[in-house]
Amino acid sequence: METMASGEGVDNGPVPVLEVAVIGSGFSGLCMGIKLREAGISNFAILEKDAVFGGTWRVNHYPGAACDVPSHLYSFSFAQNADWSRKFPAQAELLRYTEHIARHYGLIERIRLGTALLAADYDAASGCWQLTTSGGQLTARNLVIATGALSRPAMPTVPGLENFRGKVFHSAHWDHDYDLRGKRVAVIGTGASAIQFVPVIAGQVAQLDLYQRTAPWVLPRPDRAITAVERWLLRRVKPLQALYRGLTYVRYEARLLAFAKWPWLMRAVEWHARRHIARQIPHDAALRAKVTPTYRAGCKRLLLSSDYYPALARSNVAVITDGIAEVRAGSVVGRDGRERPVDAIIYGTGFDVEHALGPVAVRGRDGVLLSEAARGGLEAYKGAAIAGFPNLYMIIGPNTGLGHNSMIYMIEANVRYVVQALALRRARGLRAVEVRADASRRYNDQLQRRLRGTVWSSGCKSWYLTSGGRNSTLWPGFTFEYRRITRQFDSAAYRLDGAA
C-alpha cells in the first residue's frame, strides 16, 4: 500500500491512518485539498479512479464541450484568471485551469490516480473509515465525497441495442478515434451535451437522426472572444477584475427571482426563446413546432446555443420525436415503423444524478448502507453531512445544485464548512462528529417547502427530480444565503462523541 508523508515535502515515515480521504479530483476535490493545506492538515489523499485528474472537464471532452457560466465566474475566488480567451470557457481551457490549480497549490503529490473507491465501512470503535480501493486498503479518520453529481453517465434502456453491430458511445466517453465523416449517426437525447456536439458533427456526417423525447428551452449563447486589450486590463488592474466578476455574479444571481421567487417571470424567457427559434428556423414550420417546448421554461435546465437550431435545419439532419421501437444490426426502427440505417449511435442523455456513486457500498453507523438511506432521494444537512454517517462529508451534496449561477461559489462555501468540522474534531480529539437526525430532518423539511413554489416544481420531468418526484438536487435560494448558513460550523446540530 502506498504511504503518505506526514509533513510538507518531508518524509517522516509511513502514516498508517490518513486524516482525510477525499474522493474525486474535480473542482470540489481540488478546492478541498487546497483548503485542507491552508488549515494545516497535510495528511490527506485525493483518490481519483481514472488515470488522469480533472473531474467534469476531463471526462466531458466531446466536440464543442463548453461551460454555460461565464469564465470569470467559473473559477475560484482565490485563484482568478485574467487570461480567459472567451467569455464562456471551452473544455480544453477549463481543463488547463484545473491542471494549473493542482500544480500551483502543490496537490499533484496528494492525488492518487487509478485508485477507485470500491467500498467504505465506518468503524465505530476507532471513529475511522475503512476504505477498500482498487489500489488496496486504506484507513481514514474522515471521508469526504467530492465526486459531484455529474459523474455517472445515464444510459437508458433501448430495445435491441445488443444486436447493433455499429459503434456505440456516450458523450462522456467520446471516442475520438472513430471517424464520423460520411457516417450515418443516431443521436439519442437532447440535453446540454447534445446541443453542443450536434452542431459540430452535423457538417461531418452523411446523415444525423436526432431522437428527441422532450424539446429543451434554448436561448442564444452570448459568447465572444475576449480581446488582448481586455485581458491586459484585467491582468494589470486588479480592482477591474474584481468589479467585472462581481457585476457578472450579481447579474446571474438575479435570475433566481424567475426560478424560485416569481416563476411567472419565465414567460419573458419563453418569449425570448421562441423568438430565437423563429429567427434560426425561419422556413420550416414543422421543425419549429418539434423544437418548441410545451412546459414552463426553467423546469428543466435552460440551455445556451446559437448554432443548435441551424444544425437541425440542415438537409442531412432529421429530428425524430416518435421514439425508438427497436435497434437492429445496422439500423434503428422508430415507433412510426420507419427503419433508418445507422453506422453509429451516440448517447447525449446526460448523467444519473440519483445514483451518482454507482455501486460503491458505503456503510455508516450500525452497517447502514448509504444507498438504503438514499431511497426516495438522499438528504444531507446543508448539503454536507448525513445522519448515520459520522465523520463523512459531501462537497456539492444533495440540494446544493444551481439553475442560475456558478457552482464554484457553492463549492467554496461547502468546503469552508467541512474544513471547520474537520478542524473542530481535530482540536478536541473527538472520536466522531455526526449530524443529529432531528436537525437534518428540520433542515430538509424546510428546504422542500421552499422548493414547492419554484419553477422546478411546475410539473415537468427532469434530472433535478428523483424517480419518486423529489427534488434532491437544487438549492432553492440565493447563493449568498447558502454561504451565510455555512459560514460557521454549527456544532449544536451535531453529536460530538468523546476522545478517540
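Remark: Arg279 pairs with no residue by the salt bridge (Lys or Arg N to Asp or Glu O under 4.0 Å) rule, at least two apart or across chains. Residues passing the side chain to side chain donor-acceptor pair (under 3.5 Å) test with Ser458, sequence neighbours excluded: none. Partners of Asp175 according to the salt bridge (Lys or Arg N to Asp or Glu O under 4.0 Å) rule, which considers only residues two or more places apart in sequence or in another chain, are Lys167. Remark: Ala186 pairs with Tyr211, Val332, Val342, Ile345 by the side-chain contact (heavy atoms from CB on, under 4.5 Å) rule, at least two apart or across chains. Under the rule for a side chain to side chain donor-acceptor pair (under 3.5 Å), Arg165 has no partner lying at least two apart in sequence or in another chain. Evaluation of the salt bridge (Lys or Arg N to Asp or Glu O under 4.0 Å) rule for Asp121 yields Arg363 as partners, not counting sequence neighbours. Listed by chain and number, the residues in a salt bridge (Lys or Arg N to Asp or Glu O under 4.0 Å) with Asp322 amount to none (sequence neighbours excluded). When the side chain to side chain donor-acceptor pair (under 3.5 Å) test is applied to Asp177, no partner is found at least two apart in sequence or on another chain.
Heavy atoms only, all atoms of each residue included: Thr248 and Pro70 are closest at CG2-CG, 3.8 Å. Nearest approach of Val144 to Val418, heavy atoms of both residues: CG2-CG1, 4.3 Å. Closest approach of Ala311 and Val317 over heavy atoms only: O-CG2, 3.3 Å.
Side-chain N/O atoms of Gln130 and Thr139 include a donor and acceptor closer than 3.5 Å. With hydrogens and angles left out, the side-chain atoms of Glu339 and Ser331 include a donor and acceptor closer than 3.5 Å. For the 3.5 Å distance criterion, the side chains of Thr115 and Glu48 fail to qualify, holding no donor opposite an acceptor. Using modelled atom types, one finds no donor on one side chain facing an acceptor on the other under 3.5 Å when comparing Gln80 with His72.
When ring centroids are compared, Tyr409 and Tyr249 come within the 6.0 Å threshold. Proximity of the aromatic rings of Tyr74 and Phe88 is defined here by a centroid distance below 6.0 angstrom, and this criterion is not met.
Side-chain contact between Asn444 and Tyr381 is absent, with no heavy atoms from C-beta onward closer than 4.5 Å. For the pair Leu370/Phe389, a side-chain contact is recorded, criterion being any heavy-atom separation below 4.5 Å from C-beta on. Here the side chains of Leu143 and Leu131 are in contact, with some heavy-atom distance below 4.5 Å. No side-chain heavy atom of Val205 sits under 4.5 Å from any side-chain heavy atom of Arg184. In this structure the side chain of Val360 never reaches within 4.5 angstrom of the side chain of Leu118, judged on heavy atoms. You'll find the side chain of Leu113 reaches within 4.5 Å of the side chain of Phe53, heavy atoms only. Within the 4.5 Å cutoff, the side chain of Tyr178 has heavy atoms near those of the Lys183 side chain.
One finds a salt bridge joining Arg181 and Asp179 here, because a Lys/Arg side-chain nitrogen approaches an Asp/Glu carboxylate oxygen to under 4.0 Å. Looking at Arg221 and Asp68, a side-chain N of the basic residue comes within less than 4.0 Å of a carboxylate O on the acidic one, giving a salt bridge. Between Glu230 and Lys87 no salt bridge is recorded (no basic side-chain N to carboxylate O distance below 4.0 Å).
Sorted by first and then second residue, the side chain to side chain donor-acceptor pair (under 3.5 Å) pairs involving residues 92-108 (not counting sequence neighbours) are Ser85-Glu93. Contacts classified as ring pair (Phe, Tyr, Trp, His ring centres under 6.0 Å) and involving residues 297-317 (residues at least two apart or in different chains) are given here: His276-Tyr309. Counting only residues at least two apart or in different chains, disulfide (SG to SG under 2.5 Å) contacts with residues 288-333 comprise Cys299-Cys460.
Looking at Gln212, its side chain never comes within 3.5 Å of a backbone N or O of Val319 through a donor-acceptor pair. Between the side chain of Thr190 and the main chain of Thr214, a donor-acceptor pair closer than 3.5 Å is present. Although no hydrogens or angles enter the test, the distance criterion places no donor-acceptor pair under 3.5 Å between the side chain of Arg296 and the main chain of Ser457. Judged by distance alone, with hydrogens and angles left aside, the side-chain atoms of Gln207 form a donor-acceptor pair with the main-chain N or O of Asn316 at under 3.5 Å. Distance alone, capped at 3.5 Å, places no donor-acceptor pair between the Thr473 side chain and the Gly401 backbone. For Arg328 (side chain) and Val333 (main-chain N/O), no donor-acceptor pair under 3.5 Å exists by modelled atom type. Under the 3.5 Å distance criterion, the side-chain polar atoms of Arg213 are left unmatched by any main-chain donor or acceptor of Gly323. Asp50 contributes no side-chain N or O that, together with a main-chain N or O of Val52, makes up a donor-acceptor pair within less than 3.5 Å. Remark: the backbone N or O of Val185 is not paired with any side-chain donor or acceptor of Asp343 at under 3.5 angstrom. Side-chain atoms of Thr454 never come within 3.5 Å of backbone atoms of Pro263 as a donor-acceptor pair (strictly under, hydrogens ignored).
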* Please assess Glu412 against Ser77 for the test side chain to side chain donor-acceptor pair (under 3.5 Å), listing each intermediate value before the final yes or no. => CA-CA 8 Å; Glu412 290 189 36; Ser77 64; 2.6 Å; yes
* To do: Go through Val22 and Leu36 one step at a time and tell me if the side-chain contact (heavy atoms from CB on, under 4.5 Å) criterion holds.
  => CA-CA 10 Å; Val22 181; Leu36 284 173; 4.2 Å; yes
* To do: Give the intermediate values and the outcome of side-chain contact (heavy atoms from CB on, under 4.5 Å) for residues Phe259 and Met266.
  => CA-CA 7 Å; Phe259 281 101; Met266 280 294 175; 3.6 Å; yes
* Asked: Does the side-chain contact (heavy atoms from CB on, under 4.5 Å) test come out yes or no for Val158 and Tyr347, once each step is laid out?
  -> CA-CA 11 Å; Val158 178; Tyr347 284 94; 3.4 Å; yes
* Can you check side-chain contact (heavy atoms from CB on, under 4.5 Å) on Tyr464 and Ser472, steps first, answer last? -> CA-CA 7 Å; Tyr464 298 147; Ser472 60; over 6 Å; no
Pairs under 3.5 angstrom only: tabulate donor-acceptor contacts from the side chains of residues 193-203 to other protein residues two or more places apart or in another chain.
residue : atom : partner : partner atom : Å
Ser193  : OG   : Ser171  : OG           : 3.2
Gln196  : OE1  : Tyr62   : OH           : 2.6
Gln196  : OE1  : Ala66   : N            : 3.2
Gln196  : NE2  : Ala66   : O            : 3.0

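Counting non-hydrogen atoms of neighbouring residues, nucleotides and ligands closer than 6.0 angstrom, the CZ atom of Arg338 reaches no more than 12 such neighbours. Counting heavy atoms of neighbouring residues, nucleotides and ligands inside a 6.0 Å radius, atom CZ of Arg450 exceeds 12 of them.
Taken from NE2 in His272 to CD1 in Ile277, the straight-line distance is 11.5 Å, to the nearest 0.5 Å. Leu447 CG to Asn471 CG: the interatomic distance, rounded to the nearest 0.5 Å, is 8.0 Å.
Annotation: cation-pi geometry not satisfied between Arg301 and Trp456 (NZ/CZ under 6.0 angstrom from ring centroid, within 45° of ring axis). Geometric assessment of Arg110 against the ring of Phe44 yields a positive cation-pi assignment under the 6.0 Å and 45° thresholds. For the pair Lys461 and Tyr295, the cation-pi test (distance below 6.0 Å, angle within 45°) is failed.
Taking the six-membered ring where the residue is Trp, Trp174 and His176 present tilted rings, their angle falling between 30° and 60°.
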